[in-house]
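On a predicted model such as this, the values are computed, not experimentally measured, just so you know. Atoms considered below: every heavy atom in the structure, side chains included; atoms not considered: hydrogens, waters and symmetry mates.
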Amino acid sequence: ADVVFGCGGGTGSGGILRAAELGAKAIGVDVDEFDNTFKNAAPEVRNKIITSVLKKVPTAIEVGVSFLFDVPAGSWVASISGSMLLLDYGNNAVGLADCHESCLQVGEQTLNQTAFVEQQLAAGVLKVHLAEDGSVPLRVLEAPNS
C-alpha cells in the first residue's frame with residue numbers, strides 16, 4: 001500500500017509503524033502518532049507519518065462537562081441528537097495533527113485545501129450526515145443546497 005490509515009488503538013499504531021518501516025506513508029488515529037508511536041523511530045521512518053486524525057479528549061471532556069453545569073435540564077442543544085452528543089469540528093473536539101516532517105512531501109496546495117475543508121467543517125458549511133442509527137452513510141460531505 002502507498003498509504004496506511006491505521007485505526008484500532010495499539011494494533012493500528014503498530015500497523016502504521018511497520019508500514020512506514022517498509023516504505024509506506026502513514027496516517028495515525030486518536031493521538032499525534034508522530035509524538036507517540038513514531039517518537040523513537042529512525043528519521044527515515046518518522047518522515048513517513050503524514051498526519052493523525054485526532055480525538056481531542058480534553059476538549060471533549062470540557063464540552064461534556066459544560067452541559068452538566070451550563071445547560072438547564074431538558075433544554076434543546078443543537079449538537080445533541082436524541083441521546084447522542086456529536087463531537088466534531090464545530091466544537092473543536094476533533095482535528096488533524098501537524099504534518100511535522102512530511103509537510104514538504106504533502107505539498108502546500110494539499111495543506112491549504114485541507115485547512116479550507118477543516119474551516120468549512122468547523123463553520124458548519126460542510127456537514128457530515130449521520131444516519132438515524134448513528135452510522136455514517138457513504139455520502140458524508142455535503143455543502144448547503146447541493
Side-chain angles (χ1 to χ4, degrees), residues 1-70 77-146:
D2 294 327
V3 179
V4 177
F5 183 43
C7 303
T11 304
S13 296
I16 62 171
L17 179 59
R18 185 64 180 140
E21 290 169 346
L22 295 172
K25 302 282 188 220
I27 299 173
V29 171
D30 298 336
V31 297
D32 189 344
E33 297 282 9
F34 184 87
D35 294 330
N36 289 281
T37 303
F38 285 69
K39 182 177 184 177
N40 297 315
E44 65 273 11
V45 174
R46 281 177 63 88
N47 73 12
K48 299 290 186 186
I49 184 84
I50 297 171
T51 189
S52 297
V53 179
L54 303 175
K55 290 180 187 173
K56 298 180 181 178
V57 175
T59 302
I61 291 169
E62 287 177 26
V63 169
V65 169
S66 72
F67 285 115
L68 293 175
F69 295 106
D70 301 337
V77 178
S79 59
I80 295 181
S81 174
S83 60
M84 179 175 46
L85 171 62
L86 182 61
L87 299 170
D88 60 10
Y89 272 95
N91 49 29
N92 197 33
V94 299
L96 294 178
D98 187 75
C99 52
H100 301 287
E101 296 174 7
S102 67
C103 294
L104 290 176
Q105 297 170 50
V106 171
E108 187 175 348
Q109 181 178 359
T110 299
L111 292 172
N112 290 338
Q113 289 172 334
T114 301
F116 178 75
V117 169
E118 287 184 293
Q119 291 166 357
Q120 297 294 299
L121 287 166
V125 174
L126 288 178
K127 297 190 182 300
V128 176
H129 295 281
L130 299 178
E132 287 187 30
D133 66 358
S135 64
V136 179
L138 290 177
R139 183 172 171 231
V140 296
L141 287 181
E142 181 179 298
N145 301 320
S146 61

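Closest approach of Thr51 and Ala97 over heavy atoms only: OG1-O, 2.6 Å. Closest approach of Ala24 to Ala1, counting heavy atoms only: CB-O, 3.4 Å. Closest approach of Ile16 and Gly28 over heavy atoms only: CD1-CA, 3.7 Å. The shortest heavy-atom contact between Arg46 and Asn40 is NH1-N, 4.4 Å. Shortest non-hydrogen contact noted between Ala20 and Phe38 is CB-CE2, 3.6 Å. Between Ser13 and Glu33, the closest heavy-atom pair is OG-OE2, 2.9 Å.
Residues satisfying the ring-ring contact (aromatic ring centres under 6.0 Å, His included) test with Phe34, not counting sequence neighbours, are His100. In terms of the side-chain contact (heavy atoms from CB on, under 4.5 Å) criterion, residue partners of Thr114 (sequence neighbours excluded) are, by chain and number, Leu96, Thr110, Glu118.
A heavy-atom distance below 4.5 Å is found between the side chains of Leu111 and Cys99. Within the 4.5 Å cutoff, no side-chain heavy atoms of Val94 are placed close to those of Val53. Counting heavy atoms from C-beta on, the side chains of Leu121 and Asp88 never come closer than 4.5 Å.
Enclosure of atom CD in Glu44 by more than 12 non-hydrogen atoms of other residues, nucleotides or ligands within 6.0 angstrom is indicated. When the shell of 6.0 Å around CG of Asp2 is examined, it contains 12 or fewer heavy atoms from other residues, nucleotides or ligands.
Summarising the geometry, atom CG belonging to Leu17 is positioned 12.0 Å from atom CG belonging to Asn36; distances are rounded to the nearest 0.5 Å. To the nearest 0.5 angstrom, Leu87 atom CG is 12.0 Å from Lys56 atom NZ. Distance check: Leu22 CG to Lys48 NZ gives 10.5 Å after rounding to the nearest 0.5 Å. Taking CG of Asn47 as the reference point, atom SG of Cys103 lies at 11.5 Å (rounded to 0.5 Å). Taken to the nearest 0.5 Å, the OG atom of Ser52 stands 5.0 Å off from the CG atom of Asp32. Interatomic distance, CG of Asn91 versus OG1 of Thr59, reported as 8.5 Å (0.5 Å rounding).
Judged purely by atom type and a 3.5 angstrom limit, Ser66 uses its side chain to pair as donor or acceptor with the backbone of Val63.
The side-chain hydrogen bond (donor to acceptor under 3.5 Å, both in side chains) pairs that include a residue from residues 15-26 are Arg18-Glu21, Lys25-Gln105, where partners are two or more places apart or lie in different chains.
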